[in-house]
Every structure is written in structure tokens, then in C-alpha cells.
Amino acid sequence: MIPGPRRLACAVVAALCLSPLPLAIGADGGAAAPLCVAAAAPGHAALVVQHGNGELVRAPGICVAFEGESIGGDQLLAASGVQYAAVDFPSVGGRAVCQVDGEPTTPPEGWNQDNCLGHGAYWGLYTAHYHEAFSSSHTGISDIRLGDGDALGLHYARAASPPPAAGDTCPPPAPTGSVTPS
């Protein structure tokens with residue numbers, strides 16, 4: 001049984017996932033976990049997280065629905081339910097991602113500008129439009145904006161590593177400029 005607040009959060013996520021999108025089987029082979037958070041909202045953005053060992057968090061990714069024109073990168077990551085830690089880092093133009101899904105281990109002093117980036121491997125940020133390849137982000141997670149059909153990729157690796165493997169986790173974006181027939 002999942003304890004307290006996590007149990008409530010899982011119940012809320014399960015209630016919000018109304019889409020016929022696929023489910024992922026838990027790492028232990030147990031119950032399926034929903035891949036879409038708040039599926040009934042009009043906008044959808046994907047989150048693809050690839051660990052340093054190549055393993056994806058909930059392959060092929062997580063779809064997060066949102067209201068409005070776009071969602072911030074930090075908002076998408078928070079809404080996905082995937083654990084992460086970030087710190088203000090002016091040299092990357094916002095907040096830098098230090099840890100995702102427990103990787104790397106939190107240092108004894110906690111995360112700060114001195115230990116978040118630049119020590120071998122780090123969380124690279126990538127963005128993509130629907131059906132397009134990821135490209136490296138030149139800003140922090142807090143300054144990324146994603147529209148309907150876009151994707152945010154995070155890959156824990158060294159600087160010269162490729163972006164995470166992309167997949168079409170979410171439904172295609174809604175057509176723009178659609179005319180309602182009379």
C-alpha cells in the first residue's frame with residue numbers, strides 16, 4: 001500500500017487519466033501506471049527522461065496535458081510526477097536540473113550551484129516539436145516553454161552525448177486555424 005500523500009496523488013492522477021493512451025507495466029511487473037496526466041485538457045506535451053544507463057522512465061515517455069497556449073518546462077516536470085531537484089543557476093538562464101528520478105544521488109549538503117553542473121555527467125535538456133528530433137536547449141528548465149504536441153527530453157550523461165530517444169507519447173497537436181463548418 002502506498003503511504004499518505006503519495007496514495008492521494010496516485011488516486012488523483014488515475015482519476016485524471018481518461019485518455020485511451022497506453023499504460024506502462026511497473027518495473028516489478030505489477031500494476032500499470034498511467035502515461036498521461038490530466039488527459040482531458042486541450043494541450044499535451046511529452047516528457048522523455050533517459051537515465052545515464054540508457055533506461056527510460058516510463059518508456060516511451062509521459063504525456064502531460066495542460067490548459068492554455070503552453071506549459072513551462074518546470075511545470076511539465078512537476079506535473080509529470082517524476083521526482084526532480086533544480087537550483088537557480090543564472091549562467092544557464094534560469095533553473096538547472098540537478099537530479100531526476102533519484103539520479104544522481106543527493107549530496108550530503110543538498111543541491112546548490114557548486115555541485116549541480118559541471119562535474120562530469122549532468123542532466124541535458126532538449127526540446128522538440130511533434131514528430132521532430134530533439135535539439136539541445138540553451139536555457140534552464142524554468143525558461144523552457146512547450147506548446148501542444150511539443151516534447152521535453154532530459155538525458156543524464158556527459159556533454160557530448162546524444163539527446164534521449166524520442167517517441168510520440170502524446171496525441172498529435174490540435175489543428176490550428178480550424179474552421180468550423182456552417
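- Rounded to the nearest 0.5 angstrom, I144 CD1 and L77 CG are separated by 9.5 Å.
- The aromatic rings of W123 and Y156 sit tilted relative to each other, their planes meeting at an angle between 30° and 60°.
- Atom CZ in F89 sits 9.0 Å away from atom CG in N112 (nearest 0.5 Å).
- Summarising the geometry, atom CG belonging to D148 is positioned 11.0 Å from atom CD1 belonging to I71; distances are rounded to the nearest 0.5 Å.
- Annotation for H51: atom NE2 counts as buried by contact number, over 12 foreign heavy atoms lying within 6.0 Å.
- Considering V57, V97, L152 in turn, V57 is the only one that fulfils the side-chain contact (heavy atoms from CB on, under 4.5 Å) rule with V49.
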field: side chain to side chain contact (heavy atoms under 4.5 Å, CB included) between F134 and V48, intermediate numbers included
entry: CA-CA 10 Å; F134 277 116; V48 179; 4.2 Å; yes
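- When all heavy atoms are compared, the tightest approach of N115 to G110 is ND2-O, 2.9 Å.
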message: Please determine whether side chain to side chain contact (heavy atoms under 4.5 Å, CB included) holds for the pair L125 and S136, giving the CA-CA distance in whole Å, both sets of side-chain angles, and the decisive distance to 0.1 Å.
response: CA-CA 6 Å; L125 303 177; S136 182; over 6 Å; no
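- Distance alone, capped at 3.5 Å, is enough to place a donor-acceptor pair between the D150 side chain and the G147 backbone.
- In plain terms, the two heavy atoms of G94 and S142 that are nearest each other are CA-OG, 3.3 Å.
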query: Checking side chain to side chain contact (heavy atoms under 4.5 Å, CB included) for the pair I62/L76: CA distance, chi angles, key distance, verdict?
result: CA-CA 10 Å; I62 302 165; L76 177 75; over 6 Å; no
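- Put simply, CZ on R58 and CG on D101 are 8.5 Å apart, with the number rounded to the nearest 0.5 Å.
- Shortest non-hydrogen contact noted between F66 and L146 is CZ-O, 3.8 Å.
- At least one donor-acceptor pair closer than 3.5 Å links the side chain of Q83 to the backbone N or O of G102.
- Atom CZ of R95 and atom OG1 of T139 lie 12.5 Å apart (nearest 0.5 Å).
- The number of heavy-atom neighbours closer than 6.0 Å to CD of E109, taken from other residues, nucleotides and ligands shown, is above 12.
- In this structure, the side chain of Q99 engages the main chain of P104 through a donor-acceptor pair within 3.5 Å.
- Atom-to-atom distance recorded for S80:OG and Q75:CD is 12.5 Å, nearest 0.5 angstrom.
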